[in-house]
Amino acid sequence: MNKKIIIRTLEKIALYMELQAENPFKVSAFRKAAAALEADERSLSEIDDITAIKGIGKGTASVIIELMEKGESSVLKELEGIVPKGLIPLMKLPGLGGKKLAKLYQELNIVDAETLKNACEAGKVRELAGFAAKTEEKILKELENFGTRAERLPIWQLEPVVLEINELLASLPEVELFSVAGSFRRVAETSKDIDFIVATKEYEVVREAIFKRLAILETVAAGDTKVSVVLDREEPVSVDFRLVKREEYATALHHFTGSKDHNVRMRQLAKSLGKKISEYGVEQEDGTIETFETEEAFFAHFNLPFIPPTVRESGKELDRLDELQDLITLDNIVADLHMHTTWSDGAHSVSEMGHALMEKGYSYAVITDHSQYLKVANGLTPERLELQKLDIYAFNKANPDFRLYRGTEMDILPDGTLDFEDDMLKDLDFVIASIHSSFTQSQDKIMARLKTAIENPYVHMIAHPTGRIVGQRGGYDPDVPLLIEWAAENGKILELNASPYRLDLSIEYLQLAMEKNVPIAINTDAHAIDQLRYMDMGVKYAQKAWLKKELIVNTWSREKFEAFIKKNKEK
DNA sequence: GCCGTTTTCGGCCCGACTGTTTTCAGTCG
């Protein structure tokens with residue numbers, strides 16, 4: 001029996017119980033048991049006493065044991081017999097939870113979207129206690145685009161929206177402080193909505209500006225302190241604004257950054273000290289509310305170091321405080337090793353990119369335009385790559401305090417060969433190999449291609465190793481653990497591509513790479529100057545994997561980097 | 001259903017908003 005199946009079954013039981021209007025604490029006990037099992041790093045066979053895990057007791061353990069022994073759960077089976085399957089997806093309709101659905105089922109025999117729609121249209125729903133005309137209309141409206149609207153949007157779709165709102169809020173003199181919060185601030189790959197915390201004395205003015213200056217599709221809520229809107233974008237984007245007083249800003253930001261589990265853990269800690277955390281501050285034992293200038297001060301109040309938003313996830317981060325100092329931060333980054341210029345499909349010249357990199361405060365970088373195979377990207381022939389040298393040398397001559405290295409992002413061709421001859425590669429400072437074609441090949445073929453690249457003495461790094469696009473495509477499905485083995489054996493770098501489209505390698509593989517001591521380079525893959533900003537996102541994503549800074553190539557000094565790139569050539 | 005330096009009962013994170021009510025339940029984050 002697979003651990004994931006057990007976790008899903010426990011969650012399913014909770015969901016079905018919710019639809020039975022079961023005691024909410026009992027429901028959450030099943031969810032907690034599922035979460036506890038997930039958080040435990042051991043495999044099933046390594047766990048002797050399942051009830052020893054905090055959050056798993058007699059009841060949930062018996063479900064788990066039954067699943068392990070018989071492969072099914074009688075508890076779930078019984079629930080499935082009582083609760084109609086069609087009710088489950090209806091839980092996703094805004095405004096409908098377990099209790100309301102249970103009532104709809106019991107009183108009106110509503111079992112799925114179809115019967116719900118009919119009941120609403122017949123005016124039956126408004127007759128129930130606790131429901132009325134408005135609820136009925138709302139349900140009908142929600143049913144219209146039920147299933148068509150994306151539930152969670154990928155980070156690359158949200159990032160431009162966040163930038164736009166940042167600009168709006170920064171332009172308002174009435175706004176004292178503001179920040180994005182929620183899962184976007186934690187750099188989640190996908191988010192349900194975007195949260196903003198805004199400190200202001202002028203609620204009215206800020207609210208007006210939001211309504212006036214953003215393209216709003218729908219206003220979901222417009223209370224005193226909460227404004228909730230859906231923006232008119234290619235995909236509709238939900239945005240919540242929380243308007244708070246300056247003194248509440250730090251605790252509000254913490255509260256709405258989450259995660260939920262992190263907040264629960266923090267509240268438990270507060271409670272054990274006789275205090276109470278809310279978005280308005282920390283209530284002390286004597287009932288007074290203490291507020292904080294910054295999130296740092298808030299954590300310090302509990303004797304904690306600043307915990308970066310990116311690692312505020314399961315709550316377990318509070319057990320790893322001594323590792324926080326090893327986490328990579330943007331300050332540690334001195335280089336960017338993957339970018340494009342007008343020589344291939346980039347928007348800016350070598351010199352323009354170089355100056356932008358210097359402005360970032362970096363000390364070196366590598367220009368890595370595409371190779372000849374990638375015709376759609378105007379990939380460089382050996383001849384053009386030779387010519388590009390002149391641009392790079394000229395830049396280096398003019399800017400002696402900075403160093404641009406000559407590189408390439410060379411394609412690994414569908415037939416498994418490389419796009420440039422070794423003689424060509426030998427002449428370059430830094431060679432990236434990557435796959436941009438024939439994604440549907442068998443895993444064996446893909447791995448054979450990657451093996452050729454990784455065993456080539458002149459290749460330094462494999463870029464975006466899985467080829468995935470966040471929330472859109474899975475990539476070419478390599479055997480990543482094996483690739484990590486090979487990288488370790490051959491002393492090669494694997495990339496964390498920082499573009500929000502990619503974030504590749506993903507967290508679980510980054511952790512695996514770290515265990516094997518494989519160096520990781522966080523690169524923007526910028527095709528224009530403004531995309532150099534992705535470094536911040538890449539660094540934060542690396543934090544989520546708890547990557548240690550020593551392993552990150554672009555924290556290395558120029559000397560250390562040069563020693564690394566020379567090593568391969570001398571083989 | 002789970003848990004325990006408030007330890008086998010009684011609480012479980014906390015508060016806003018909406019729509020329903022006429023003081024509150026349900027939902028949501």
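Only heavy atoms go into these numbers, but all of them, side chains included; no hydrogens, no water, no symmetry mates. Letters go in sequence order (proteins before strands), and every chain restarts at 1.
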Is any side-chain N or O of A/K99 closer than 4.0 Å to OP1 or OP2 of B/dG26? yes
So what does A/G258 hit on the nucleic acid, given a heavy-atom distance under 4.0 Å: a base, only sugar-phosphate, or nothing? nothing
Once you apply a heavy-atom cut-off of 4.0 Å, does A/L101 come out as touching a base, just sugar-phosphate, or nothing? nothing
Taking atom P of B/dG4 as reference, at what distance in whole Å does atom CZ of A/F25 sit? 17 Å
Expressed as a whole number of angstroms, how long is the span from A/E285:CD to B/dT6:P? 11 Å
Think A/T225 has a side-chain N or O under 4.0 angstrom from the OP1 or OP2 of B/dC17? yes
So A/S28, base contact, sugar-phosphate only, or nothing? Heavy-atom distance under 4.0 Å. nothing
B/dC17 to B/dT23 separation - C1' atoms, rounded to the nearest Å: 16 Å
Between A/R267 (CZ) and B/dC12 (C1'), how many Å, whole number? 13 Å
Only one of A/R468, A/K540, A/R502 passes salt bridge (charged side-chain N to carboxylate O under 4.0 Å, His left out) with A/E189, and that residue is A/R468
If you measure from the C1' atom in B/dC13 to the same atom in B/dG29, how many Å do you get, rounded? 12 Å
For a quick test of reading the model: is some side-chain N or O of A/T60 closer than 4.0 Å to OP1 or OP2 of B/dC2? yes
Could you tell me how far B/dA25 sits from B/dT20 if I compare only their P atoms? Round to whole Å. 16 Å
Salt bridge check: are A/E18 and A/K100 linked by an N-O gap of less than 4.0 Å? no
Between B/dT21 and B/dA16, how far is it from one P atom to the other, in whole Å? 23 Å
Might you point out which heavy atoms bring A/K544 and A/V187 nearest each other, and give the distance in Å? CD-O, 3.3 Å
Start at the 5' end of DNA chain B and walk down; is the nucleotide closest to A/K226 or to A/A129 reached first? A/K226
With respect to the side chain of A/D195, which nucleotide from B/dC2, B/dG29, B/dC17 is positioned closest? B/dG29
Assess whether a salt bridge exists between A/K77 and A/E80, defined as any Lys/Arg side-chain N lying under 4.0 Å from an Asp/Glu carboxylate O. no
Indicate whether OP1 or OP2 belonging to B/dC12 is found under 4.0 Å from a side-chain N or O atom of A/K271. yes
Phosphate-side-chain proximity, A/Y280 and B/dA16, N/O vs OP1/OP2 below 4.0 Å: yes
Choose from B/dG1, B/dC3, B/dG19 the nucleotide whose nearest atom is closest to any side-chain atom of A/K54. B/dC3
Using the P atom as the point on both nucleotides, what is the distance between B/dG15 and B/dG10, in whole Å? 24 Å
Write down the distance between NZ (A/K58) and C1' (B/dT8), rounded to a whole number of angstrom. 12 Å
With a non-hydrogen cut-off below 4.0 angstrom, is A/A222 in contact with a base, only sugar-phosphate, or nothing? sugar-phosphate
Could you tell me how far apart A/K100 (NZ) and B/dC28 (P) are, to the nearest whole angstrom? 9 Å
Is the shortest distance from a Lys or Arg side-chain nitrogen in A/K275 or A/E285 to a carboxylate oxygen in the other one below 4.0 Å? no
With sugar-phosphate meaning primed atoms plus P, OP1 and OP2, does A/N23 contact a base, only sugar-phosphate, or nothing at under 4.0 Å between heavy atoms? base
Separation of the C1' atoms in B/dC12 and B/dT6, to the nearest angstrom: 14 Å
Under 4.0 Å between any heavy atoms, over every strand shown, what does A/F30 touch: base, sugar-phosphate, or nothing? Just pick one. sugar-phosphate
Selected nucleotide, minimal atom distance to A/A132 side chain, candidates B/dT20, B/dG29, B/dC17: B/dT20
Assess whether a salt bridge exists between A/E208 and A/K212, defined as any Lys/Arg side-chain N lying under 4.0 Å from an Asp/Glu carboxylate O. no
Whole-Å C1' distance, B/dT8 and B/dC3: 10 Å
Closest listed nucleotide, where the reference is the side chain of A/K276 and the choices are B/dC14, B/dC2, B/dC17: B/dC14
More 5' along DNA chain B: A/A61 or A/N263, using each one's nearest nucleotide? A/A61
Specify the separation, in whole Å, of atom NZ of A/K134 and atom C1' of B/dT21. 13 Å
What does A/K138 touch in the nucleic acid at a heavy-atom separation under 4.0 angstrom: a base, only the sugar-phosphate, or nothing? nothing
Take the protein atom CD of A/Q268 and the nucleotide atom P of B/dC12, then report the distance between them rounded to whole Å. 11 Å
Watson-Crick or G-U wobble partner of B/dT8, both distances under 3.5 Å: none
Answer yes or no: is there an ion pair linking A/E248 with A/K245, defined by an N-O contact shorter than 4.0 Å? yes
Taking any heavy-atom pair under 4.0 Å as a contact, classify A/L128: base, sugar-phosphate, or nothing. nothing
